[in-house]
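Below is one structure, written out as structure tokens; comments come after it.
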Amino acid sequence: MEAEIPKVYAPEAIEPRWARAWIEEKLYRPADDDAPGRPNFCLTIPPPNITGVLHMGHMLEHTEIDILMRWHRMRGENVLWLPGTDHAAIATQMIVERELGREALAKRSGLAEQVEDGGPQSKAAWQREGQRVRLAMGREAFIERCWKWKEENGGTIRRQMERLGASVDWTRDRFTMDAAYTRAVVEVFVRLYEKGLIYRGQYIVNWCPDCGTAVSDLEVIHEDRPGHLWYIRYPFVDGSGYVTVATTRPETMLGDTAVAVNPADERYRDAVGRNVVVPLVDRVVPVIADDFVDPKFGTGAVKVTPAHDPNDYAIAERHHLPRVTVIDEHARMTGDAGEAYCGLDRFKAREKVVHDLTQRGLLERTESYALSVGTCQRSKTVVEPLLSTQWFLKMQPLAEPAIRVVEDGRVRIVPENYKKIYLDWMYRIHDWCISRQLWWGHRIPVWTCDSCGEIIVARETPSGCPKCGDVAGASLRPETDTLDTWFSSGLWPFATLGWPEETLDLKRFYPDDLMIMGFDILFFWGARMIMLGLEFMHEVPFRELYIHALVRDAERQKMSKTKGNVLDPLEVTEKYGTDAVRFALAISAAPGTDIAFSEEKVDSYRAFANKIWNAGRFILMNLRKLPEPMKDQLAAGLEPAAGLGFDAVAAPERLALADRWIFSRLLTVTREMNEALANFRFHEAAYTIYHFFWHEFCDWYVEWVKPEITKTAEEDGPSLRSGQALSAAPDDKAPAAWLNLTRVFEAALHLLHPFMPFITEELWHQLPHAERRPSISLQSFSLVSDRVSDPVAEREFQTLQELIVAARNAKAEMGLQTQRPSAQVACEKPHDLELFRIHQETILRLAGLEALNFTSERPAAGTPDLRHVSASTDLRLFHEAKIDHHAERQRSERDKEKIEKALASAKAQLENRAFLSRAPRDVVRGVEHRHAELSEQYRKVVEALRRLGSGE
RNA sequence: GGGCGGUUAGCUCAGUCGGUUAGAGCGUCUGCCUUACAAGCAGAAGGUCAUCCGUUCGAGCCGGAUACCGCCCACCA
């Protein structure tokens with residue numbers, strides 16, 4: 001006797017085992033060669049950062065991808081889901097620096113390894129210290145340290161993905177700093193440079209003083225913060241009054257080289273061309289006229305600080321103004337800011353400037369003002385616009401083809417509203433600052449010759465300067481900057497497949513059929529992949545781009561550490577099982593709508609997993625009792641190769657009604673799921689199978705066939721070979737009820753598998769298969785053929801369901817739930833009446849009735865305890881319990897009201913000539929039918945009320 | 001300053017082509033430990049589809065306006 005199957009599903013006992021097995025068997029490595037009629041389907045993972053810990057967003061993304069990958073695989077496609085990680089330049093460098101700083105501080109303070117985490121302040125201190133340590137240890141050692149960190153911590157993501165059951169091909173795991181990948185990055189840089197698309201220049205860039213690097217526009221997050229507008233007087237040199245300017249950043253005035261007004265502004269007509277003195281630094285600067293200035297804002301006069309504001313920089317260009325840098329890369333004031341301010345932090349300097357101006361009587365007034373400040377995405381520090389020499393990529397020429405492919409649908413973006421957002425951004429694209437003053441990352445492949453100043457861009461370290469002939473290469477100074485992380489990830493779809501080599505993988509799997517990402521990286525990554533894919537592969541990087549939703553908490557708040565509302569996927573997974581979490585995410589994932597996620601939700605889908613488990617338990621426990629020959633027959637019946645499958649259903653008369661019904665429903669469900677998944681409607685597909693499995697398969701089908709199943713299992717071998725259960729079997733040997741139940745169950749497991757891979761794999765393996773096959777995930781998604789469609793069976797089964805539900809209902813309403821009353825079915829339709837007769841036993845059992853009698857004559861309206869079942873059918877319960885006239889009357893009153901309302905609206909429609917002439921015929925017929933039915937119901941309820949009223 | 005989205009049951013959300021009586025999960029209430037499952041089963045209650053106007057024979061759905069909430073983009077000091 002085998003061990004008892006546990007009553008409660010315990011995912012922790014099953015999931016890790018399968019996760020391991022899938023990897024060990026390299027189950028998700030695609031076939032090495034192409035077969036005719038078997039398309040390849042490829043998706044390259046959005047590479048998580050090595051610093052990342054999997055959060056709910058990843059879990060959603062990976063769940064959605066995995067569902068689709070498994071679905072495609074089960075539809076017979078050769079699927080490659082290529083995994084990998086991103087080196088995450090800034091993030092990794094910051095973490096390693098912080099670690100170094102913490103160690104150093106611990107050592108210095110003599111506390112050995114123990115420096116307490118005192119919150120953000122200590123983190124900032126560690127960071128600063130770490131930067132010092134980094135500079136002291138040097139580039140090589142620091143990078144080595146980063147690699148070490150990656151070796152030790154970079155595996156987190158992989159472990160989490162394994163736990164999730166992500167069906168990736170780990171044999172193709174990639175990292176953006178792999179040697180081969182780095183070659184691709186260098187190749188791309190060199191080619192873009194040679195094409196004239198990469199240039200170096202001095203411009204105002206977003207500078208993060210904490211990260212010590214320039215960042216791109218996209219990495220700056222604008223926030224509205226309360227601030228002030230200070231009105232400052234700039235006296236004319238000749239002492240004849242002053243011009244008042246308004247500014248939100250008074251400290252930058254130390255770098256002013258002009259005051260600008262609008263040329264059309266009458267107020268300043270005379271001022272233009274005269275000179276004013278910049279207070280505190282006593283610099284003499286001109287008043288100039290420029291269209292940029294909005295006369296309606298502030299005083300209509302604006303201070304011009306070319307080195308610290310992009311607009312002012314542009315003005316300075318137009319007017320040939322000098323640029324004075326007063327803030328350095330550490331956000332401290334420079335010597336040019338004047339002795340009094342030199343070395344001060346920019347915010348301290350602001351206070352002092354305001355103070356000093358007040359003392360000199362030059363601060364006219366101060367207003368409250370909400371200003372938008374740019375902060376660094378990574379460090380949250382206020383970004384400083386700084387004049388700096390950086391490398392840029394020209395975007396216009398790359399953007400044009402990338403616009404075209406989205407406009408013409410060669411890249412289909414779903415949901416479609418993101419298409420417009422993408423295009424709007426692309427139309428207004430700016431050049432991209434691709435250089436970073438970081439050490440961890442791809443070093444820009446450029447050398448400068450100190451002898452002649454020549455700039456050499458090359459794939460390999462040059463041996464000498466080609467211009468001045470410095471053969472030894474001694475005077476060649478390598479570029480110290482590295483590339484923006486997103487530059488390298490922009491090559492992801494082709495670099496991971498071996499580009500620039502013409503590999504077989506590249507040929508077979510580029511472009512991706514699908515890409516899935518969050519909206520937050522559409523521009524960072526999605527747009528750049530499209531541009532670079534087109535540039536280097538002359539083909540889009542992916543044909544479809546699905547933008548998934550954001551996972552929020554139960555109150556629809558963004559999950560964030562500071563709010564403390566973060567749900568750790570691993571924790572939730574441990575608690576409820578991976579399948580439950582996956583299903584909870586999938587059934588919540590309606591395209592374009594953020595997901596309100598909570599443990600409660602997961603809990604309810606854990607219940608679903610338990611339900612599946614117990615359905616399996618029921619089947620498997622009974623199955624064990626079957627005699628061996630029958631098990632073999634069953635196994636043969638489940639074997640698709642046996643030529644049975646569901647095509648055996650070709651002779652519907654050999655199936656019971658319930659079988660025909662469930663097969664037909666199964667077909668509909670399969671079709672609906674295919675349709676939903678093809679359109680990323682995960683919630684719909686998940687709900688469809690959920691409802692089918694629980695409320696059709698379990699609640700109706702299993703309950704319906706239960707006696708045959710348990711009876712067959714309990715009886716002995718020979719007697720199994722007789723009776724109805726056997727004769728309907730396709731091969732006249734295996735009991736049909738068993739075969740069909742097992743088949744439907746198996747088919748349902750297949751449909752569930754993309755959503756709940758673990759429990760389905762486990763149960764599927766326990767079914768009696770004749771041949772050993774490695775995994776349900778390599779089986780067909782759909783086992784049903786189109787031939788099982790059976791509208792007649794669906795209609796008949798529904799008729800039976802209606803009667804059973806009506807009987808249960810009546811029992812509950814009459815307080816007879818604990819009893820088994822007898823009942824009479826009155827039905828005008830001979831066909832239905834016959835149906836009821838045939839299934840009498842089942843009706844009695846499922847409705848909880850003692851006996852049934854049948855009549856074709858409808859009872860008089862108003863007969864007590866009469867229940868309306870359908871237009872043609874009524875039901876009467878016979879019972880001893882006293883009728884609660886009051887309750888009955890109340891119920892009837894409620895019914896009457898409802899019917900009256902519906903009747904009135906149907907009547908109004910039918911009296912509306914416009915409706916009759918313009919509405920489609922079947923709609924009109926529907927209303928007519930409904931009207932007739934309602935009238936009949938109305939008559940009955942009125943009669944019932946009359947009787948109840950007088951019967952007391 | 002532009003652009004986008006949302007408002008449906010106590011809560012969280014579905015609702016594709018405009019068509020009969022607007023659905024689900026959770027929660028609530030009633031009755032059941034019925035030999036797969038109490039993480040279950042059988043029932044019930046609960047809605048002016050934010051508001052107004054329009055289009056239409058017919059509107060939760062289409063158009064317009066309003067209110068509230070949210071998001072994205074943008075170099076207005």
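To find a chain, count down the sequence lines: A is the first, B the second, and so on, and within it residues start at 1.
Within the structure, a side-chain polar atom (N or O) of A:K706 is placed less than 4.0 Å from OP1 or OP2 of B:A36. Listed pair A:K811 / B:C32 fails the phosphate criterion, with no side-chain N or O lying under 4.0 Å from OP1 or OP2. Using a 4.0 Å cut-off, no side-chain N or O of A:W613 falls inside it from OP1 or OP2 of B:G40. The side chain of A:Y369 contributes an N or O atom lying less than 4.0 Å from OP1 or OP2 of B:A77.
Closest to the A:R617 side chain, of the nucleotides B:C32, B:G19, B:A36, is B:A36. With distances taken from any side-chain atom of A:S604 to the nucleotides B:A77, B:G40, B:C26, the minimum falls on B:C26. Minimum atom distance to the side chain of A:F523 is reached by B:C73, of the listed B:C73, B:G19, B:A77. The listed nucleotides are B:A36, B:A77, B:G19; the one nearest the side chain of A:V923 is B:G19. Closest to the side chain of A:R930, out of B:U21, B:G40, B:C72, is B:U21. Each of B:C76, B:G31, B:A39 was ranked by its minimum atom distance to the side chain of A:D294; first place goes to B:C76.
Across all strands, A:P385 comes closer than 4.0 Å to no nucleic acid atom at all (heavy-atom distances). Base engagement by A:A615 is indicated by at least one non-hydrogen atom pair under 4.0 Å involving a base atom.
Side-chain contact of A:K303 with A:T252: a donor-acceptor pair under 3.5 Å is present, judged by distance alone. Side-chain atoms of A:D294 and A:N262 form no donor-acceptor pair, as typed in the model, at a separation below 3.5 Å. Using a 3.5 Å distance cut-off with no hydrogens or angles, the side chains of A:E696 and A:Y701 do not pair a donor with an acceptor.
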Are any protein N/O atoms closer than 3.5 Å to N/O atoms in nucleotides 42-46 of chain B? If there are, list each pair with its distance.
{"from": "B:A42", "atom 1": "O3'", "to": "A:R808", "atom 2": "NH1", "distance (Å)": "3.2"}
{"from": "B:G43", "atom 1": "OP1", "to": "A:R808", "atom 2": "NH1", "distance (Å)": "3.1"}
{"from": "B:A44", "atom 1": "OP1", "to": "A:N809", "atom 2": "ND2", "distance (Å)": "3.1"}

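Taking for each of A:L218 and A:A246 the nucleotide of RNA chain B with the nearest heavy atom, the 5'-most of the two is the partner of A:L218. Comparing A:K7 and A:G298 along RNA chain B, the residue whose closest nucleotide (by nearest heavy atom) sits nearer the 5' end is A:K7.
Under the rule for a side chain to side chain contact (heavy atoms under 4.5 Å, CB included), the partners of A:T742 that lie at least two apart in sequence or sit in another chain are A:L634, A:L638, A:W738, A:L767. Every side chain to side chain contact (heavy atoms under 4.5 Å, CB included) that A:K601 has, sequence neighbours left out, goes to A:S588, A:S598, A:Y605. Contacts of A:F292 classified as side chain to side chain contact (heavy atoms under 4.5 Å, CB included), with partners at least two apart in sequence or in another chain: A:D290, A:N311, A:I315, A:R318.
You'll find the ring centres of A:F392 and A:Y203 inside the 6.0 Å limit.
Interface residues of residues 679-687 of chain A facing RNA chain B, ordered by number: A:R681, A:H683, A:E684, A:Y687; criterion, heavy-atom separation under 4.0 Å.
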Can you give the dot-bracket line for RNA chain B, where a pair is Watson-Crick or G-U wobble with both atom distances under 3.5 Å, crossing pairs use [ ], and | marks a partner on another strand?
(((((((..((((.....[...)))).(((((.......))))).....(((((..]....))))))))))))....
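For the pairing with A:Y418, the ring pair (Phe, Tyr, Trp, His ring centres under 6.0 Å) check across A:F519, A:W425, A:F523 returns one residue only, A:F519.
Here B:A39 presents its P atom at 20 Å from CZ of A:F618, a figure rounded to the nearest Å. Whole-Å rounding puts the A:N417 CG to B:C4 P distance at 10 Å.
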